[in-house]
Amino acid sequence: MAPMSGAAALGPALVELRSALAAGAPPAVALQDALRRQPDALAALARPLRDMAVGMPLEQAAAALADDEGAAALLLRALAVAERAGVGASEAVAQGERAVAEELELARLLRVRTVRARGSLRVLALAPPAAVGFFLLLEPAAAGFYGTPLGRVSAAVSLALLLVARRWARAIVDGVPAAVGRADPLGRAAGGGAAETAELLAVALAGGLPHAGAVRLVADLGPPAARPVLRRAEAALAAGVAVDAAFAATPLRDLGAVLGAATRWGASARELLSAYAAGLRADRRAALAEVAERTELRLVFPTTLLTLPSFLLAVVPPLLWTGLRR
């Protein structure tokens, strides 16, 4: 997952960006100024903005962004889509602002909900060695056991069990973002590929583009995970297939259903797409709560099956050895 250390500063960065765009500054200049004033919040955009400063077009810089660039990347993609669609840059920022805030909130929740699990991971790694050290401090004669052949084998097996337990527990904790990502139709843990795609389509449609044109535009500039799906749907639309049918066999079939309903009833596709994106993020928040609870339960297994035997193997044999010698 992308680092979110500048999440708290993104609000002021958006204010700077909106103010500069409202005053008529070009998007590249506005972004450069916002990066200079809020470097932590827009750190993910430092590289593409440097490229833009030496002449790279905005849309090319947006197209080069990876899937894991963080929530700030949505701003650059929204501005690029708005520029191609003929929508005002301020409009693109307004469209993406709520989405960015929701992405940052999800990232904050992810950190908060995994704090206890990561604390358990540290305890799992440090408590057994600390306990063994304290035992040897109380019973220095027991240290002689580790100089015997049996002692060396016991210590090696105990250490191996502890290392396997730590690796197992770390895999459980590090798997939380991926598990949350599975709640997204495109399977992304961070950034919300389907939600971001919906927001960018809303920006493109606000410029008056037809569905096929909006899909083609977001296929060029949107999240890389969504591009193959959008290109197949765009080909179907170009062949005259209805928009909901064009997405029917793809992970974004619900997005196609939203566009199809808006077409049939003459509703605002932009508002429906924003509501769809908000629903996707709510699903990911619910998945995060479920996964965080399940993670605490799963950490019991490396603790009881490996860490406890490791501790007993490190303490009980030297204790018995010392008692027998006496």
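Along the sequence shown, residues are numbered consecutively beginning with 1. Please read all numbers here as calculations on a predicted model, not as lab measurements.
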Which atom of [X] lies closest to which atom of [Y], heavy atoms considered:
X: A214; Y: L205; answer: CB-CD2, 3.7 Å
X: A225; Y: L186; answer: O-CD2, 3.9 Å
X: A277; Y: A195; answer: CB-O, 3.7 Å
X: P185; Y: L280; answer: CD-CD2, 3.8 Å

Has the side chain of [X] got a donor or acceptor atom that lies under 3.5 Å from a matching backbone atom of [Y]?
X: T322; Y: P318; value: yes
X: R284; Y: D184; value: no
X: T307; Y: L162; value: no
X: T304; Y: V300; value: yes
X: T197; Y: A226; value: no

_Closer than 4.0 angstrom, basic N to acidic O: yes or no for D220 and R227?_
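Salt bridge between D220 and R227, a charged N being under 4.0 Å from a carboxylate O: no.
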*Carboxylate-amine/guanidinium contact R281 E199, below 4.0 Å*: yes
*With sequence neighbours left out, which residue pairs that include part of residues 235-262 fulfil the salt bridge (charged side-chain N to carboxylate O under 4.0 Å, His left out) condition?*
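Listed once each, the pairs are D244-R264.
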Less than 3.5 Å apart, which donor and acceptor atoms pair up between the side chains of residues 230-238 and the rest of the protein, not counting sequence neighbours?
from	atom 1	to	atom 2	distance (Å)
R231	NH2	A219	O	3.3
E234	OE2	R216	NE	3.3
E234	OE2	R216	NH2	3.0

*asked:* Side chains of L221 and E59, heavy atoms from C-beta outward: is any pair under 4.5 Å?
replied: yes
Answer with yes or no whether the hydrophobic clustering places [X] together with [Y]; edges join I, L, V, M, F, W, Y residues whose side-chain heavy atoms lie under 4.5 Å apart.
X: Y146; Y: F311; value: yes
X: W168; Y: L313; value: yes
X: V29; Y: L58; value: no
X: L163; Y: V173; value: no
X: L308; Y: L319; value: yes

*How many angstroms lie between atom OG1 of T250 and atom CG of L255, to the nearest 0.5 angstrom?*
8.0 Å
_To the nearest 0.5 Å, what is the distance between CG on D283 and CG on L288?_
12.5 Å
_Taking side-chain contact (heavy atoms from CB on, under 4.5 Å) as the criterion, tell me which of L305, L159, L306 meets it with V164._
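Of L305, L159, L306, side-chain contact (heavy atoms from CB on, under 4.5 Å) with V164 is met by L306 alone.
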Exercise answer: donor-acceptor pairs, residues 125-132 side-chain atoms, under 3.5 Å, sequence neighbours excluded:
none

